[in-house]
S.K.: 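Could you have a look at this structure, given as structure tokens, before my questions?
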Amino acid sequence: MDLTHAVLLVAAGLAAGLMNAIAGGGSLITFPALLGVGLAPVPANVSNSVAVCPGYFASVYGSRRDLRGQERRTLLLLPTAVVGAIAGCVLLLITPEAAFDIVVPFLVLGATAVLAFQDQLRKVVGHPARISRGRQRVMLHSMVAVGSVYGGYFGAALGVMFVAGLALVLDETLARVTAVKNLLSATVGLTTVVVFALFGPVNWATVAVLAPATIVGGYVGARLARRLRGSVLKVLIVVFGTGIGIYLLFHAFV
């Protein structure tokens, strides 16, 4: 790795950490950067998952105040996130990458649409304040499971998928939903680190360059997200999600 490659990875890590804290989708910056420095697709995907994980924890720290009062409910979701992430990692290691590439953009666009039309969908599924605790628990675990499987497999726009699902069920501000998303993303990220460190083709040199940059970007992004109005944060996430989905759709079929 030469100096040019290192600078490229540092810049990509900063931008990715910032994006992941606010909306998700940072992997669409770091993944192409890893390809650009010469890694093959699967090692790049695996190394990317490991490298962005520290940035998730920086985001958790930056948004820790918005987690207050939600600790117990969120902690109960973590085992589901771990199991889902492990399943996604196994899928990546045993299945052809091209097969899932076709599904991924539709998942991202679907999650973005759920967030964009959140108010209309709440009229169908019911407002979170009127959903029974039992039904809310089932819906939360189902959404976290689906998002975590996706996160273990690829991870780009994981934040968009988590925010879309959580915001539909939780009667919380978007900033507080984002804080829960950050902790769930960190859990998925840590799980992928363990699995890929043991069984995946990780390029540790690129991880050593990317990871510190994602920490800085993740903390800054989380602090910025706390200062944005809910409506502005929602628009940013929808714009990010739509752009990511279109990019992945183009990449899958062209």
Side-chain angles (χ1 to χ4, degrees), residues 20 23-28 30-31 41-53 55-57 59-60 73-115 136-170 177-178 180-202 237 240-241 244-245 247-249 251-252:
N20 281 337
S27 290
L28 286 183
T30 50
F31 180 65
V42 171
N45 193 10
V46 169
S47 301
N48 176 69
S49 295
V50 174
V52 299
C53 178
Y56 289 137
F57 283 95
S59 300
V60 172
R73 178 178 60 201
T74 306
L75 287 174
L76 291 175
L77 294 172
L78 298 189
T80 301
V82 171
V83 173
I86 292 173
C89 291
V90 172
L91 278 176
L92 175 65
L93 296 174
I94 68 173
T95 60
E97 196 167 344
F100 203 76
D101 280 349
I102 297 174
V103 179
V104 167
F106 293 103
L107 291 175
V108 175
L109 290 171
T112 304
V114 168
L115 184 60
Q136 183 187 63
R137 192 178 303 116
V138 171
M139 292 175 70
L140 281 174
H141 282 276
S142 299
M143 291 172 178
V144 169
V146 172
S148 300
V149 171
Y150 170 81
Y153 188 94
F154 185 52
L158 172 62
V160 176
M161 299 189 74
F162 273 150
V163 170
L166 294 171
L168 192 62
V169 183
L170 298 179
V177 170
T178 299
V180 176
K181 176 267 294 182
N182 288 339
L183 184 55
L184 290 172
S185 296
T187 302
V188 171
L190 181 60
T191 305
T192 61
V193 167
V194 174
V195 174
F196 290 149
L198 293 174
F199 305 107
V202 180
I237 297 173
F240 274 131
I244 292 165
Y247 170 85
L248 291 172
L249 194 63
H251 179 73

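Worth knowing before you read on, the calculation uses all heavy atoms, side chains too, and leaves out hydrogens, waters and symmetry mates. For the single chain, residues carry numbers from 1 onward in sequence order. Owing to the predicted nature of the structure, the values given are computational and were not obtained by experimental measurement.
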S.K.: Once you round to the nearest 0.5 Å, how far does CZ of F196 lie from CG of N45?
M.R.: 6.5 Å
S.K.: V146: what forms a side-chain contact (heavy atoms from CB on, under 4.5 Å) with it, not counting sequence neighbours?
M.R.: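 Once residues adjacent in sequence are excluded, V146 has no partner under the side-chain contact (heavy atoms from CB on, under 4.5 Å) criterion.
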S.K.: Taking side chain to side chain contact (heavy atoms under 4.5 Å, CB included) as the criterion, tell me which of V82, V83, L78 meets it with T191.
M.R.: V82
S.K.: Report the distance from atom CE of M139 to atom CG of L166, rounding to the nearest 0.5 Å.
M.R.: 11.0 Å
S.K.: Once rounded to the nearest 0.5 Å, what's the spacing between atom OG1 of T192 and atom CG of L190?
M.R.: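 That separation rounds to 7.5 Å.
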S.K.: Return the set of residues passing side-chain contact (heavy atoms from CB on, under 4.5 Å) with T30 (not counting sequence neighbours), or none when no residue passes.
M.R.: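 Checked T30 against side-chain contact (heavy atoms from CB on, under 4.5 Å); matches are A12, A16, S27, N48, V52, L210.
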S.K.: Tell me the closest heavy-atom pair linking G200 and L93, and the distance in Å.
M.R.: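 Smallest interatomic distance, heavy atoms only, reads CA-CD2, 4.5 Å.
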S.K.: Can you name the residues that form a side-chain contact (heavy atoms from CB on, under 4.5 Å) with L77, not counting sequence neighbours?
M.R.: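 Listed in chain order: L140, H141, V144, L184.
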S.K.: Please name the pair of heavy atoms, one in L158 and one in G151, separated by the smallest distance, quoted to 0.1 Å.
M.R.: CD1-CA, 4.0 Å
S.K.: Looking only at heavy atoms, which two atoms of A85 and V188 are closest? And how far apart?
M.R.: CB-CG1, 3.9 Å
S.K.: Which heavy atom in S47 sits nearest to a heavy atom in P201, and how many Å separate them?
M.R.: OG-O, 4.1 Å
S.K.: Listed by chain and number, what are the salt bridge (Lys or Arg N to Asp or Glu O under 4.0 Å) partners of R137, not counting sequence neighbours?
M.R.: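 Checked R137 against salt bridge (Lys or Arg N to Asp or Glu O under 4.0 Å); zero matches.
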S.K.: Just jot down the side-chain contact (heavy atoms from CB on, under 4.5 Å) partners of A145, sequence neighbours excluded, or say none.
M.R.: T80
S.K.: Which heavy atom of A186 sits nearest to which heavy atom of V60, and what is that distance?
M.R.: CB-CG2, 3.9 Å
S.K.: Taking the side chain as C-beta and beyond, is there a heavy-atom pair between N182 and F162 under 4.5 Å?
M.R.: no
S.K.: Please report the shortest heavy-atom distance between C53 and G189, naming the atom on each side.
M.R.: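 Closest approach of C53 to G189: SG-C, 3.4 Å.
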